[in-house]
Undergrad: 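Take this structure first; my questions come after.
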There are 2 protein chains.
Amino acid sequence: MTDTTAPRTARARARAELTQEIVDTARAHLAVDGAAGLSLRAVARDLGMVSSAIYRYFPSRDDLLTRLIIDAYNALGEAAEGAEAQVRRGDLRGRWLATADGVRRWGLKHPHEWGLLYGTPVPGYAAPQDTIDPASRVTGLLIALLAEMHAHGAASNTPVPKAAHVSLTKVRAVIPESVPDDLIFRGLMAWTQLIGTVTLEVNGQFDNVISGMDAYFDHVMRRTAVSLRLG
Amino acid sequence: MTDTTAPRTARARARAELTQEIVDTARAHLAVDGAAGLSLRAVARDLGMVSSAIYRYFPSRDDLLTRLIIDAYNALGEAAEGAEAQVRRGDLRGRWLATADGVRRWGLKHPHEWGLLYGTPVPGYAAPQDTIDPASRVTGLLIALLAEMHAHGAASNTPVPKAAHVSLTKVRAVIPESVPDDLIFRGLMAWTQLIGTVTLEVNGQFDNVISGMDAYFDHVMRRTAVSLRLG
DNA sequence: TCCGAGTCAAGAGCAGTGCTCGCGATACCG
DNA sequence: CGGTATCGCGAGCACTGCTCTTGACTCGGA
């Protein structure tokens, strides 16, 4: 871990600032050329420095990408949280719709970063541990929603076969015990519906299929709300 | 269009064979290194020729990729059709489950090709017209299913708001008129659920969430069948 | 105040990439 | 048989990520 306090020396301050400049420039390039087109040399050129100097701040291109991924997860999380926070707490359906809308808006605004999060993983790249915390931030919203739904008595105890129950073992670790299997499945499927719809839209797979994606998305998420017993 | 008949001259035959060899070698590399790692020079090396010679057969790397995409769409289509064809025609639910299973199996077997179809599009790459026919092959299965469902009287006429109705204008061109809006939405959402689930699984996003993906997928697709009124 | 230790940007260089072009050799066809 | 179109080859351009050395700078302790 680097220092959490403000940098004391001029050198440390310069380092922190330059690191941030590199990240910002890289993100700008990412937004234009996509992940595959992100070039360390181009970033260095923009900053008026030589390519090898970048390696003083990021040991490899993948590490720079990792940083961008973490930032993207946090940005998406913030966007979703911000949208969801504006809805009255008791309006669970409204909170779901706001979350979905916030996620979609962010994705459409940052298509390449969306691809970084939910698209094809980069070649030999394995998501390091640092990314899983920010990644779970968005899903945390949904989990909170599920817990409140159950607490507020939205009883939905459709029985679940044993094999399906077992498949939830891992996810059980981060969800309150009282939430029934049935509700977890509804939540996972709603989440998949959301990520899938946005991914297909961002990748242009709806281009020749749907006209007026706003209305389509809205209606789909309303139907998904019904599946969540929030109808 | 190239000639549909068998090539007459030795040169034409050699050209056809070598073209196929290039595609096969490229697909092998794709399966190992992914789309970003596909190198024309490496393919040429494997074939014992010089890199520039490849350009006699494919004008650019993107054109080779396009060919791989088309082949992948067709392979996925065949896999899905093959799985679906083994179910008794009258068993609509079974046909849906078989299709879903076939799609998933193919995706897990060819993760990089799946990423080519439903993952992040490559940098400056715009899917050429040639890809849309094979792409719609898979969705054709679902459309046929929807039409039969409606014909067999699985009435599901939940009214759809006007804005949502309008968003279906384009897709209406390839679906029998009699199929109601409600059913189209169910179909699109089921399709999104399928593609989304497989994409998330292929990209490893379920790794720390679900244990026993087979059972999870099966249960999710059964629930989706219920949403399709095939319960 | 001075001086050693740590940090930094720079530059050359390696191995790899997609792609272009001119050169001969060769197979095809009128 | 002769002209033409096709083919593989090799050199070369501009680019990439990354490594290593070199010389200059800053900082903190004596």
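Chain letters run A, B, ... following the sequence lines, proteins first, then strands; residues in each count from 1. Please read all numbers here as calculations on a predicted model, not as lab measurements.
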Undergrad: Suppose we screen for ring pair (Phe, Tyr, Trp, His ring centres under 6.0 Å). Which residues come up paired with B/Trp96, at least two apart in sequence or across chains?
TA: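 Partners of B/Trp96 under the ring pair (Phe, Tyr, Trp, His ring centres under 6.0 Å) test: none.
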Undergrad: Kindly state each residue pair satisfying salt bridge (Lys or Arg N to Asp or Glu O under 4.0 Å) with at least one member in residues 37-53 of chain A, sequence neighbours excluded.
TA: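 Every pair satisfying salt bridge (Lys or Arg N to Asp or Glu O under 4.0 Å) with a residue in residues 37-53 of chain A: there are none.
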Undergrad: Give the rounded distance in Å between these two atoms: CD of B/Glu21 and C1' of D/dC7.
TA: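 Taking atom C1' of D/dC7 as the reference, CD of B/Glu21 is at 15 Å.
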Undergrad: Would you please name every residue forming a ring pair (Phe, Tyr, Trp, His ring centres under 6.0 Å) with A/Trp106, sequence neighbours left out?
TA: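 So A/Trp106 forms a ring pair (Phe, Tyr, Trp, His ring centres under 6.0 Å) with A/His110.
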Undergrad: Find the distance A/Arg56:CZ to D/dT19:C1' and express it as a whole number of Å.
TA: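 Value for this atom pair: 11 Å.
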Undergrad: Could you state the atom-to-atom distance from CG of A/Asp63 to P of D/dG17 in whole Å?
TA: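 So the two atoms are 14 Å apart, to the nearest Å.
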Undergrad: Whole angstroms only, please: what is the CZ-C1' distance between A/Arg15 and C/dA9?
TA: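 These atoms are roughly 13 Å apart.
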Undergrad: Base contacts versus sugar-phosphate-only contacts with protein, heavy atoms under 4.0 Å: please encode nucleotides 13-21 of chain C as B, S and - from 5' to 3'.
TA: B---BBBBB
Undergrad: Which residues pass the side-chain contact (heavy atoms from CB on, under 4.5 Å) test with A/Pro134, sequence neighbours left out?
TA: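 For A/Pro134, the residues satisfying side-chain contact (heavy atoms from CB on, under 4.5 Å) (neighbours in sequence not counted) are A/Ile70, A/Tyr73, A/Asn74.
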Undergrad: Can you sort out the partners of A/Arg105 under salt bridge (charged side-chain N to carboxylate O under 4.0 Å, His left out), two or more places apart, ordered by chain and number?
TA: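 Expected list: A/Asp101.
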Undergrad: Does the side-chain contact (heavy atoms from CB on, under 4.5 Å) test come out yes or no for B/Ile195 and A/Leu200, once each step is laid out?
TA: CA-CA 9 Å; B/Ile195 302 292; A/Leu200 290 177; 4.2 Å; yes
Undergrad: Between atom CD in B/Glu17 and atom P in D/dT6, what is the gap in whole Å?
TA: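 Value for this atom pair: 19 Å.
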Undergrad: Rounded to whole angstrom units, what separation is found between the CZ atom of A/Phe58 and the P atom of C/dC8?
TA: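 Going from A/Phe58 (CZ) to C/dC8 (P), I get 13 Å.
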Undergrad: By the 4.0 Å heavy-atom rule, please label A/Ile54 as base, sugar-phosphate, or nothing.
TA: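 Nothing: the residue A/Ile54, judged by heavy atoms under 4.0 Å, touches no strand.
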Undergrad: Could you note down all residue pairs passing side-chain hydrogen bond (donor to acceptor under 3.5 Å, both in side chains) where residues 167-176 of chain A supplies at least one of them, sequence neighbours left out?
TA: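 Listed by first then second residue: A/Arg172-A/Asp181.
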Undergrad: What N/O pairs connect the protein and nucleotides 25-27 of chain C at under 3.5 Å? Give each pair on its own line.
TA:
{"unit_1": "C/dA27", "atom_1": "N3", "unit_2": "B/Arg11", "atom_2": "NH2", "d": "3.4"}

Undergrad: Under the salt bridge (charged side-chain N to carboxylate O under 4.0 Å, His left out) test, which residues partner B/Glu201, sequence neighbours left out?
TA: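 So B/Glu201 forms a salt bridge (charged side-chain N to carboxylate O under 4.0 Å, His left out) with B/Arg104.
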